[in-house]
Amino acid sequence: MKRSLIKDLLKLDCAVNGADVNGADNLVVKGWVRSLRKGKSFSFIMLNDGSSQQSLQIVADSQLANYDDVSKMTMGYCVSVQGRLVSSSGKGQSVELQAQSIEILGEVAPEYPLQKKATSLEFLREVAHLRARTNTFGAVFRMRHALSLATHKFFSDRGFYYVHTPIITASDCEGAGAMFKVTTLDIDSPATLPLSKNQQGQQGHQGRQEKLDYTKDYFSRAAHLTVSGQLEAECFALGLGAVYTFGPTFRAENSNTPRHLSEFWMIEPEVSFCDLDQLADLATDYLQFLIGYVLDNYFPELTFLQELQGQQEQQEQQNEGLVARLQQVREAKFTKITYTEAITILERSTASKQFEFKVSWGMDLQTEHERYLTEQHFRGPVIVTDYPQEIKAFYMKQNSDGKTVRAMDVLVPGIGEIMGGSQREDDYQKLFKRINDLGLNPDDYWWYLDLRKFGSAPHSGFGLGLERALMYITGMNNIRDVIPFPRYPGSAEF
Ligand code: 4AD
Ligand code: MG
C-alpha cells in the first residue's frame, strides 16, 4: 500500500459529521511518535513524518491486537499505521487517523536524549544527528530547503544561469589568506625546498631554512578550499551575461561567534552591464523574494518559530513578531547610505561612547556598529555603499575620489551584514596596480586579469550567506542552529 504524506492528509477536507472521507480508507502513514496520551479505551498518538510542521493525530483503539505494546510507546518510536481518515472533534486538528493496524518499526532505547519537555538548543547541538526529529529543527530545515529552492527560482526566472564554480582552487578571492589547505603531502615529512637568505627573513617563513615544495604536491602547486566562487563566476558572467553560484565556501579564520561558520553556503550572483545601484536593487528584490516565498509557503513553520521565540527569555532578535517583521520587510524600501554617512551617524549617536571599537573614518564597521545602524537608527535593512578602499578586497571598482570603492554591504536587524558585494574593477591597469600594491602576485591572477583585456564590461555581484539569511528569516539566534552539521573552530563532529 502506498504511503501518504501527513502534509497531504492534513489538507484533505473531511465530511463535517465524521463520515468517511471519500477514498480515504486504508491509508498508510509512517513516521515518528512525538507524544502518546493513554486513555481508558483509546490512546492518542501524535505522529510526525517530517513533511509538515503539524503532526497527525492517530487514534489507537484498545481492540488493536498489539495494543499493549502500542500504548507503551514513547517519543521517538518509528511506526507504520494503516487506518481511516475521519474528521476530528479534537482541538487543533481537523482530521485524525483511526488506526486499523499499527506496526512498530523502530523502538527507542531508554537513553534517548530527546525528551518531551523543551530541550535547549545548546544541548541539541551536541546531538545534532537527532535534531531533525524536533519541531524546531524540522521547521528550520524545511525553510532551509525553501530558501534554496526560492533562490534557484528567483535567478532562473530573471535569466541567470547557475554555474558550479570549483571548490578546490588556487586563487584567494578575498585576498585575506584565511584558507584551508588542500594537500596530499606527507605532513610528518613533507617535501621541502631550501629558502634563499632573502626569503628566510620574509614574513611567513620566520627564520626557517626551507619551505614546502608544492611542485611535489597533488596539484603541483599550493591549493585550498575556496572562500568564494566569485572570481570564477565573473568569467562566466562575461560570457553568459548573468550567472550565480550556490555552493559551500570555507573560511579558516578563528571566528567563534554566533554569526560565523568555517563552512557555509553562499549564493553569489554576478551580472554584466550592471552598476552598483542596479546591484543594490537586485539584492533588495532577492531578499524580499525569499521572504515572500516563505510567507506564502511556510506559514506554519514561521508561526511555530515565532511562538518559540516568544518563549525564549534572551531573545536577541525579535521586538515585534517574526511574521509581522517579515511582512513589513517584504514591502519596505531599503535605506541606502554611504559609508561616510554611516560614520557620521555613528559618531553623532548617543551610543558612540558605548561602542567597544571607537568610530573613525577608515575603520571597518564592526558588528556592534552595523547593528546600531540597522536596529536602532534605521530600524530596518540598510545598504551601506562606497567603503574605504583599504578595508575592502582588491577587485572592487575604484571611485574617482581615490579613497573609496564601489562596495556595498546589506545590513539587517539582529545580524548585521547579511550580504556583501561590489561593482568590479573592469579597468586592466587599475586592477593590475591594485593587485601589486597589495603585495599579491599578479601571476596568480593572470586569467582574472585577462577578463579586463579581452572585451571587458562593467559588472557587479554580491554574496549572500545562506545561513545568515536563514537566521534572519527564522529568527534563530545562533548560526550553528541553521546548518545541519556546523563546522567551527575546534569542532567538526558528525
Ligand atoms: O563579505 P564576503 O566575505 O564576500 C565575499 O566573499 C564576496 N566574494 C561575495 C561576492 O561579492 N560575490 O561574504 C559574503 C557573505 C557575507 O555577507 C555573509 O552573509 C556570508 O557571506 N559570510 C559568512 N557566513 C557565515 N560564516 C562566515 N564565516 C561568513 N563569512 C561571510
Ligand atoms: Mg563582507
Side-chain angles (χ1 to χ4, degrees), residues 172-178 203 227-228 230 251-260 275-277 279-280 283-284 316-317 334-425 430-431 433-440 460 462-465 468 472 479:
D172 176 6
C173 174
E174 294 305 293
Q203 218 198 348
V227 295
S228 158
Q230 175 197 323
R251 306 270 166 115
E253 69 214 7
N254 191 16
S255 295
N256 237 315
T257 84
R259 291 172 192 81
H260 289 87
D275 65 17
L276 192 71
D277 291 322
L279 186 74
T284 307
E316 259 189 76
Q317 276 202 55
F334 291 10
T335 310
K336 202 150 85 181
I337 55 169
T338 63
Y339 167 89
T340 304
E341 287 163 343
I343 291 293
T344 308
I345 291 169
L346 291 167
E347 281 176 337
R348 289 193 187 149
S349 79
T350 47
S352 71
K353 286 188 200 69
Q354 282 145 35
F355 290 138
E356 191 185 331
F357 294 89
K358 209 175 142 350
V359 178
S360 65
W361 199 97
M363 72 171 317
D364 204 357
L365 296 183
Q366 303 296 320
T367 301
E368 59 176 344
H369 308 127
E370 294 175 340
R371 292 187 61 175
Y372 175 82
L373 289 168
T374 180
E375 286 164 29
Q376 313 284 324
H377 193 84
F378 290 108
R379 294 173 181 274
V382 186
I383 304 178
V384 182
T385 65
D386 301 286
Y387 283 75
Q389 183 176 44
E390 297 314 316
I391 58 172
K392 288 291 182 188
F394 68 94
Y395 50 70
M396 299 193 179
K397 187 164 183 64
Q398 297 161 30
N399 279 319
S400 55
D401 62 9
K403 291 191 306 194
T404 58
V405 286
R406 296 248 73 194
M408 110 185 157
D409 276 3
V410 181
L411 316 178
V412 295
I415 294 176
E417 179 189 338
I418 192 169
M419 298 175 178
S422 71
Q423 187 164 341
R424 315 306 188 189
E425 184 53 77
K430 286 185 184 164
L431 183 63
K433 183 168 183 309
R434 188 70 193 142
I435 288 176
N436 260 311
D437 288 352
L438 285 170
L440 301 168
S460 304
F462 63 79
L464 168 72
R468 298 256 177 110
Y472 181 53
I479 200 163

Exercise for the section: Could you name each residue pair satisfying salt bridge (Lys or Arg N to Asp or Glu O under 4.0 Å) that touches residues 387-405, not counting sequence neighbours? Expected result: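 Non-adjacent pairs meeting salt bridge (Lys or Arg N to Asp or Glu O under 4.0 Å): Glu390-Arg434, Lys392-Asp409, Lys397-Glu425, Lys397-Asp426.
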
Practice task
Sequence neighbours left out, what pairs pass salt bridge (Lys or Arg N to Asp or Glu O under 4.0 Å) with at least one residue falling in residues 357-368?
Solution key: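 Residue pairs with at least one partner in residues 357-368: there are none.
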
For residues [X] and [Y], report the shortest heavy-atom separation together with the two atoms involved.
X      : Y      : value
Ala280 : Met408 : CA-SD, 3.8 Å
Pro413 : Pro381 : CD-N, 4.2 Å
Ala283 : Val410 : CB-CG2, 4.4 Å
Leu365 : Leu346 : CD2-CD1, 3.8 Å
Ala342 : Leu373 : CB-CD1, 3.9 Å
Tyr472 : Ile418 : CB-CD1, 3.9 Å

[X]: which residues meet the ring-ring contact (aromatic ring centres under 6.0 Å, His included) condition with it, sequence neighbours left out?
X      : result
Tyr395 : none
Phe462 : none
Phe357 : none

Can you tell me how far the [atom1] atom of [X] sits from the [atom2] atom of [Y], to the nearest 0.5 Å?
X      : Y      : atom1 : atom2 : result
Tyr339 : Met363 : OH    : CE    : 6.5 Å
Ile383 : Phe378 : CD1   : CZ    : 11.5 Å
His369 : His377 : NE2   : NE2   : 14.5 Å
Ile415 : Thr374 : CD1   : OG1   : 9.5 Å
Phe334 : Leu411 : CZ    : CG    : 11.0 Å

Sequence-distant partners of [X], salt bridge (Lys or Arg N to Asp or Glu O under 4.0 Å), two or more places apart:
X      : result
Lys430 : none
Arg251 : none
Asp277 : Lys336
Arg424 : Glu234, Glu270

Sequence-distant partners of [X], side-chain hydrogen bond (donor to acceptor under 3.5 Å, both in side chains), two or more places apart:
X      : value
Thr344 : none
Thr257 : His260
Thr385 : none

Exercise for the section: Classify the side-chain pair Thr404/Asp386 by whether it contains a donor and acceptor separated by less than 3.5 Å. Expected result: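 Not at all, the side chains of Thr404 and Asp386 share no donor-acceptor pair under 3.5 Å.
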
Under a 4.5 Å cut-off applied to non-hydrogen side-chain atoms, are [X] and [Y] in contact?
X      : Y      : answer
Thr338 : Ile343 : no
Tyr387 : Ser422 : no
Arg259 : Glu417 : no
Gln423 : Leu279 : no

